[in-house]
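This is a predicted model, so every value here is computed, not measured.
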Amino acid sequence: MVDEPAGSRLLEVARPPASREVSFLTVLHGWPADAERWLLSVFAHHGGHDFEAVLVDNSGDARLAGWLEGRAAQRLRRQRLDPPVGFAAAVNAGLEAAAGEAVILCDPGVEFSGDVAGPLLAALAQPDVKLAGAFGVRGQGSLKEFGEHPGPEVDAVEGYCMAFRRADALAAGGFDPWFRFYRIADIEFSFRMRAAGGRALVVPNLPVHKHAHRLWEAAEPAERDRLSKRNLYRFLDRWGKRADLLLRD
């Protein structure tokens with residue numbers, strides 16, 4: 001079980017009786033137009049899969065709540081966190097509710113122009129692969145700095161679009177709920193998933209397109225630098241002595 005978001009109340013979280021092949025999961029902090037674009041691209045390109053889309057409303061925004069109330073589909077499930085919690089805790093709430101054997105966690109600022117579930121699920125069919133995604137990073141000689149890397153094998157998969165088996169994520173404890181800001185939470189989660197020996201892969205040529213990253217843009221530069229450093233220190237606190245998890249060319 002992942003840690004429950006302290007002080008929050010989850011609405012519409014009951015899991016359906018039947019499991020799904022895959023859950024597309026995103027956490028919303030506002031910006032309904034981004035959520036609409038993401039959701040339409042999920043439904044437009046994945047009709048050949050047994051999927052669901054799970055939207056976690058972590059915004060406290062009445063406008064977003066109204067937008068969600070106006071969306072209904074057999075494969076669409078909504079959660080509202082009341083009051084909102086930190087980023088990682090919101091992801092964990094979605095993991096708890098997801099019905100998919102696999103989960104594709106996305107930033108709502110991405111858009112699909114084709115099937116991403118097929119290639120990602122094919123990568124996860126390899127037993128030693130714990131994570132697969134569109135974008136990855138490797139350590140720049142240490143655990144203190146990471147840079148984009150084309151893969152195929154990477155130290156961590158970025159949270160823009162990352163796939164994993166739900167059971168593996170729950171066994172690893174989910175995301176660290178200490179990460180209230182999103183930065184580095186995906187790297188820390190990747191290390192949790194890989195710590196027992198699994199691999200993280202970048203799947204090339206996935207039809208994933210990045211739009212504006214709203215949480216980054218909405219934060220004042222000084223504040224996002226402060227929060228990013230705070231998250232880095234948390235990451236190093238846990239993994240600073242695990243340089244063995246860094247890949248070497």
Side-chain angles (χ1 to χ4, degrees), residues 1-2 19-26 46 49 51 87-88 91-92 94-95 98 100-107 110 112 114-176 179 182-208 210 231-232 234-249:
M1 298 284 287
V2 297
S19 65
R20 294 280 193 182
E21 177 189 31
V22 60
S23 295
F24 284 87
L25 169 63
T26 194
H46 298 94
H49 296 280
F51 79 91
F87 171 79
V91 172
N92 287 344
L95 289 179
E101 293 183 14
V103 173
I104 300 176
L105 174 65
C106 307
D107 183 86
V110 303
F112 306 126
D115 176 13
V116 299
L120 289 173
L121 294 175
L124 292 179
Q126 304 172 67
D128 66 332
V129 173
K130 295 294 186 180
L131 295 147
F135 313 101
V137 298
R138 281 195 184 185
Q140 305 296 289
S142 77
L143 289 159
K144 295 181 180 180
E145 184 179 358
F146 290 84
E148 294 180 4
H149 196 281
E153 195 162 355
V154 290
D155 293 328
V157 171
E158 292 189 276
Y160 291 106
C161 177
M162 62 154 56
F164 46 85
R165 288 177 286 273
R166 178 176 179 271
D168 289 345
L170 294 178
F175 276 60
D176 182 350
F179 285 80
Y182 79 95
R183 290 292 305 282
I184 309 175
D186 49 1
I187 296 177
E188 201 281 335
F189 176 70
S190 294
F191 272 63
R192 286 184 179 220
M193 295 285 277
R194 291 182 52 233
R199 295 192 297 147
L201 299 182
V202 168
V203 177
N205 302 316
L206 284 177
V208 179
K210 296 179 186 177
N231 284 2
L232 176 61
R234 172 69 173 188
F235 171 77
L236 292 174
D237 230 20
R238 179 165 187 180
W239 301 105
K241 297 181 179 179
R242 292 299 309 271
D244 58 296
L245 289 173
L246 292 178
L247 298 170
R248 311 292 182 183
D249 288 325

At their closest point, which heavy atom of [X] faces which heavy atom of [Y], and how far apart are they?
X: A169; Y: L95; value: CB-CD1, 4.3 Å
X: S19; Y: E101; value: OG-OE2, 4.1 Å
X: A102; Y: L121; value: CB-CD2, 3.5 Å
X: R248; Y: A243; value: NH2-O, 3.7 Å
X: L25; Y: G94; value: CD1-CA, 3.8 Å
X: L143; Y: L236; value: O-CD2, 3.5 Å

Quick one, V103 with V22, criterion side-chain contact (heavy atoms from CB on, under 4.5 Å). Give me CA distance, side-chain angles, the key distance, then yes/no.
CA-CA 6 Å; V103 173; V22 60; over 6 Å; no
Over 60° means perpendicular and under 30° means parallel, so tell me whether F24 and H46 are parallel, tilted or perpendicular.
tilted
Evaluate the side-chain contact (heavy atoms from CB on, under 4.5 Å) criterion for residues L201 and Q126: first the C-alpha distance (whole Å), next the side-chain angles of each, then the deciding distance (0.1 Å), finally the verdict.
CA-CA 11 Å; L201 299 182; Q126 304 172 67; 3.9 Å; yes
Check whether any side-chain heavy atom of [X] lies under 4.5 Å from a side-chain heavy atom of [Y], and answer yes or no.
X: R20; Y: F51; result: no
X: F175; Y: R192; result: no
X: I104; Y: F164; result: no
X: F179; Y: F189; result: no
X: P119; Y: V203; result: yes
X: K210; Y: F135; result: yes
X: L105; Y: T26; result: no
X: F191; Y: L246; result: yes

Please enumerate all residues that pass side-chain hydrogen bond (donor to acceptor under 3.5 Å, both in side chains) together with H49, with sequence neighbours excluded.
E21, D115
For S23, all residues meeting side-chain hydrogen bond (donor to acceptor under 3.5 Å, both in side chains), sequence neighbours excluded:
E52
Taking 4.0 angstrom as the limit, do R234 and E188 come out as a salt bridge?
no
Quiz: residues 153-163 side-chain donor-acceptor pairs under 3.5 angstrom, not counting sequence neighbours:
from : atom 1 : to   : atom 2 : distance (Å)
D155 : OD1    : L247 : N      : 2.8
D155 : OD2    : G139 : N      : 2.7

Go through the structure and list residues passing salt bridge (charged side-chain N to carboxylate O under 4.0 Å, His left out) with D244, not counting sequence neighbours.
R242
Mind jotting down which residue pairs meet the salt bridge (Lys or Arg N to Asp or Glu O under 4.0 Å) criterion with at least one end in residues 126-151? Sequence neighbours excluded, please.
D128-R199, K130-D168, R138-D249
Can you name the side chain to side chain contact (heavy atoms under 4.5 Å, CB included) partners of P207, sequence neighbours left out?
S113, V116
